[in-house]
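What follows is a short report on a single structure.
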Amino acid sequence: MESLFQTNNPKRHKIISDRFDTIQLKSSGEQFETASQETLQKKLEILKNDIQSAIELEHSTIPPYLCALYSIKDGANDYAANTIKSIVLEEMLHMIMAANILNAIGGSPAINTPNFIPEYPTKLPKITEDFYVSLEKFSKSSISTFLQIEKSAEHKPHPGKEYHSIGEFYASIKRRLKWLDKAIEGGIFTGKPELQITTEQYYGSGGKLVSVYCLDDAILAIDEIVGQGEGIDGEIEDPDHELFGEGIEYAHYFRFNEIYHEQKYRPRDSPQEPPTGKQITVDWDAVYNMKENPKMTDLPKDSEIWQKSYNFNKTYMALLNNIHDACNGNPQLLMQGIALMYDLKYKALELMKIPIAEGSSITVGPSFEYVE
Amino acid sequence: MEKKTKEEFDVVIVGSGIAGSVLAKTLTNAGKNVLLLEAGLQAGMAFDPEAAYKNYQYYIDTFYKASAKVPNSPYPNIKDAQSIDVLDIEPITQTNSPSTKGYLVQAGPLPFGSDCLRGPGGTTLHWLGSTPRMLPNDFQMQTLYGQGVDWPITYDELMPYYEMAENEIGVSGNVEDQVGPDMSIENYGEGYVFPMKEIPQSYLDQVCIEKTQNLKVKLYGKEYTITCISTPQGRNSIPNPAYKFAGTYWNKKAQKLELAKNNEEYEPVGAIWDQNTGHRCEGNASCVPICPVQAKYNALKTLRKSDPKRLKIITQAVASKIYTDEITNAITGIEYKKYKYENSTVYDTAIARGKIYVLAASAIENAKILLTSGIANSSDQVGRNLMDHLVMLTWGLLPEKAYPYRGPGSTTNIPTFRDGEFRKEHAAWISPIDNWGWSWPVFSPGSDVSSAVSSGMFGKKLRSHLNDVLPRQLLLHFECEQTPDPNNRVTIDPQYKDQLDNYRPVIHYNASEYMKKSFEAAKKVSDQIFAANGVEDYTAYSVANDPDYVTYKGQGYNFWGAGHIVGTHRMGSSKEDSVVDKNQRTWDHENLYLVGCGNMPTLGTSNPTLTMTALSFKAAEAILKQLEN
Amino acid sequence: MNNHVVSSNTFLTISTYLTGYSEVELLGTGMLETYFNVFLEKFSPETLHYFFAEVDEILLESAGDEDQINAAIAARLIPDSAYDGIAKNIILVWYTGNWGSDVISTQSYQQGLMWDTAEAHPPGAKQPGYGSWANLPIRIPTK
């Protein structure tokens, strides 16, 4: 009976200390208190650019996660598939929330430009750490890359315009939002409210979307993003706090780590150590063998598989165009975007199954490329 | 061997379908201790996310693998608590009377065409989810039209409970659309809105509406104007910001149930394994038999909101007999057989005890348990007046592609013949426009493939033929209101028992002239709608097509069961001709309530679940009052 | 008799002519091996051998001429008397995912081509998302 009515909508595990706020910023341009309004406006423009980068950053993780997810054969690896699916849905949510923040401060999210899509393998935008993210199938190696993506940073000053981790990048955005909102006359949350994507258009798995109309909303949105992503950093002040276990939805890093180690965390596990709980069944072989970082140019031009790949990318573009339009004045369009998202999925699944050449054990895979 | 349970509860409920779940939730949240007996398997009662997900995935896989994807196909049909299955329906002939192929013993002359599900969550696991309210005139069929009986309550009395039911189920719909005979915004009251906005009407609906909206049709010398309206339904859509109710609670001081006001936006209720899944209908187009994301309401969503400290659930527990005190006539206990595992013949017998007892085991099971126990039947109405909507289907090809097989089963209905003077002569009906092609009557698209292939078609020609035909398929329903007939009934017979030694229901069933005339009428209307839309009619009725085949004035008609099993222990204003009073308490036993569709004196033309749920709230209120006084 | 190989490649090729779907489309379902194995299991090696020999011959003599291939298929593979009805069964399996009335697997149900032909999706799978049914099916133009 006890487990019967356990709530399945746990408060997200959000013990993010404001540790990044306390980090001394190396750069000198952050002395907002004494800056002129003109300087502050320049800083605001830089901030807008950085939030645009945040949108790109969130987006850049989605194709790799989707490749891993869609490469898993039906019926195999339920746990891993559900985990990756829930994470990628959260990344989509993060992307939309970042766009909401940008709209709230008078920026215009650019989601359908050629350079919006990274060329895989790619470094993560704005992140210094020296690793490359690829479009590849579900494997120990791809999960280990995902762990690097979601890893939270050491406490050290960031070296200029790049950051050690996604969390650190968002902390900087959050701090600047706070300071600029205070320092600039009339505040910075001057964006048109009707530009916001709301829970009417975006819903469901991944959590509740935050629409941003003021600083508090923006902070909530960022905390949600960082909380879902990196979550805790292993330096919990409260040692009695249960980090793991049933009903606690912990951060991406730890969820990937469970797959990597084929084992679940237990309530008292240390975040610095691997999980020690129940075994998870992971079948690393029940996976479609998609080509790593596929490109349309690998395929004979105008051949049928090339056409399939092109059609996939056209759908991807239609989706990005849709999200772009939804985030630039037509929020209600997002409803059609959902249909495109599903369509994209089914097309990706086909490409996962089609051999790259007759008799080849390697399949075409979705290439996520910009096409006209 | 009989075990007596030591615990005594305030209320013992039999069945975890929507009626039982509404009771369990409402009563436990009002501080009462409840024991719930459920005949189905323990696995289906899982509420922790992992087990609930796993069990539901098992249902989905079973559905994928089922050769006939009938309403009960995803769910276990266990011998200890068998479900009625439409696959068992066969013609009743001289050499096949009664038909005993399935769980029901069908004595005929016509086979009863509907099924229901015995298991956690009950038939809401496979219901379609349409939730129109009944019409005010439906409550006075005898007074207005000389048919059937009047209800002991009026539409107005039921209104507040309708609101509770719409809240509980989470209805999506547009009140302003609900216009038709005896139906207007007035039926809902000033300013009322549903919790969520209407489910978008399908592209197919839009194609049909173009030439059907305001179409004039003639029927028996009278002209009617056809209208098409969006159907309210229990599946998740966009929350309506104007909706301001949180949930139903017991106002102890006022001694009544009330809807609590809410300042927050209504939040759709998601899947039982993940609250964030299923916030919108995702267009799986499989509502019957299973919604994979649980965007469609099911009773487990209600049950899981019960107060766990006050609710004990015993699964695999089949209620078999009710005991009464010889002097006071009060119920003293419900005997149940708890089987050990799926299809086990081994079971323990125990008795559940409480202050008040509620049967919520479905119309047919409720009647069967009462007949077995020989109780609550001073009126001789137990088991009688079994009703269903007799569904006449018509199908054809549209001149243009309208792309069926997408979206919920039906998103639009024609309310034109739900009420009118014609009810003196023949049954009223509601006409849903169907979104799923010809799947129901002729098992499309599989049958289209096989007939094209048998004719020798193959290759690109086959592909383009199917691509031409399937997207043009249109199916209309005519859900005709069956009137109460004492000879349409459930009985028991010692010859027919199941493996736990419980009775199997014996069904006696027929369609009256009043019903047959409505088939003729509906077909006349269908012909005119088809003509106006340029639809090529492919409708063909035969006993080979469907065992429920009747003739009227020399014409043959098939009808199908709607799954709306109603009327076996009806509610009334006197103990002479009804089983329960308007609070759904049995006239004969002051601590026995019956809930579910069995209480409905007449059926109306609406899908009965919403009305039955409203009545269940009314019963919950009466039980709370009785417990506290 | 020639020793014709009963191969999944030939099975795929003849499937394209029988179903009207291209090789890439059929491969995209991921069902080729499963279905090929169904036929290996359901028909005698001898019948399969003769069927595949006939297929090879039809393909060879028609040299890619589609009309000629179709005429040969209609005359030599489609009649019920030909090779225990293998050809018609190939079509039914791809379109419905069923062998007779048995669903071959949970995947075969979801991959039945008839849903694609209907411009819909198998009920309970490949859901198209909220509100999609109110619009025309999505069409992304191919170059």
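These values consider heavy atoms only, across backbone and side chains, with no hydrogens, waters or symmetry-generated copies. A, B, ... follow the sequence lines: proteins, then strands. Residue 1 opens every chain.
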_Residue part contacting chain C, namely of B/Asp468, when any heavy atom lies under 4.5 Å_ = neither
*Winner by heavy-atom pair count (cut-off under 4.5 Å) against chain C, out of B/Ser286, B/Ser202, B/Gly446, B/Pro200*: B/Pro200
*Exam field: side chain B/Gln206 to backbone C/Ala134, donor-acceptor pair closer than 3.5 Å*: yes
_NZ on C/Lys88 to OG on B/Ser450, rounded to 0.5 Å_ = 11.0 Å
_Contact leader toward chain C among B/Arg472, B/Gln201, B/Lys65, where contacts are heavy-atom pairs under 4.5 Å_ = B/Lys65
*May I ask you to name which of C/Gln107, C/Lys126, C/Gln110 has the most heavy-atom pairs under 4.5 Å with chain B?*
C/Gln110
*Using non-hydrogen atoms and a 4.5 Å limit, figure out which bit of B/Ile290 sits close to chain C: side chain, backbone, both or neither.*
neither
*asked:* For chain B, which candidate among C/Ala120, C/Gly100, C/Gly97, C/Gly124 shows the most heavy-atom pairs at distances under 4.5 Å?
replied: C/Gly124
*asked:* So which residue, B/Gly283, B/Ser67, B/Ser444, B/Cys291, ends up with the most heavy-atom pairs under 4.5 Å with chain C?
replied: B/Gly283
*What are the two closest heavy atoms between C/Pro123 and B/Phe63, and how far apart are they?*
O-CE2, 3.4 Å
_Can a donor-acceptor pair be found, under 3.5 Å and without considering hydrogens, that links the side chain of C/His121 to the backbone of B/Ala285?_
no
*residues 405-413 of chain B: residues contacting chain C (heavy atom under 4.5 Å, by number)*: B/Tyr405, B/Arg406, B/Gly407, B/Pro408, B/Thr411
*In terms of heavy-atom pairs under 4.5 Å with chain C, which of B/Ser237, B/Pro471, B/Ala295 leads?*
B/Ser237
*Anything in residues 69-86 of chain C with a heavy-atom distance to chain B below 4.5 Å? Please list those residues in order.*
C/Asn70, C/Ile73, C/Ala74, C/Ile78
*asked:* Measuring from atom CG of C/Leu136 to atom OH of B/Tyr203, what distance do you get when rounded to the nearest 0.5 angstrom?
replied: 4.0 Å
_What's the separation between atom CH2 in C/Trp133 and atom SG in B/Cys281, rounded to the nearest 0.5 Å?_
3.5 Å
*Report, by ascending residue number, the residues of residues 10-19 of chain C in heavy-atom contact with chain B at a distance under 4.5 Å; give 'none' if the set is empty.*
C/Tyr17, C/Leu18, C/Thr19
_Check whether B/Asn467 reaches the backbone of C/Thr117 with its side chain - one donor and one acceptor, N or O, closer than 3.5 Å._
yes
_Can you confirm whether C/Phe43 is buried at CZ, in the sense that more than 12 heavy atoms of other residues, nucleotides or ligands lie under 6.0 Å from that atom?_
yes
*Where does B/Pro445 contact chain C at under 4.5 Å (heavy atoms): side chain, backbone, both or neither?*
both
*Heavy-atom proximity to chain C below 4.5 Å, by part of B/Pro289*: neither
_For chain C, which residues of residues 458-465 of chain B have heavy atoms nearer than 4.5 angstrom_ = B/Phe458, B/Gly459, B/Lys460, B/Leu462, B/Arg463
_For B/Arg280 against C/Tyr130, the heavy-atom pair lying closest together_ = CB-CD1, 3.6 Å
*Which answer fits B/Ala68, side chain, backbone, both or neither, if we ask what part of it has an atom under 4.5 Å from a heavy atom of chain C?*
neither
*Please round to the nearest 0.5 Å and tell me the distance separating atom CD of C/Glu119 and atom CG of B/Leu470.*
10.0 Å
_Part of B/Val293 within contact of chain C (heavy atom distance under 4.5 Å)_ = side chain
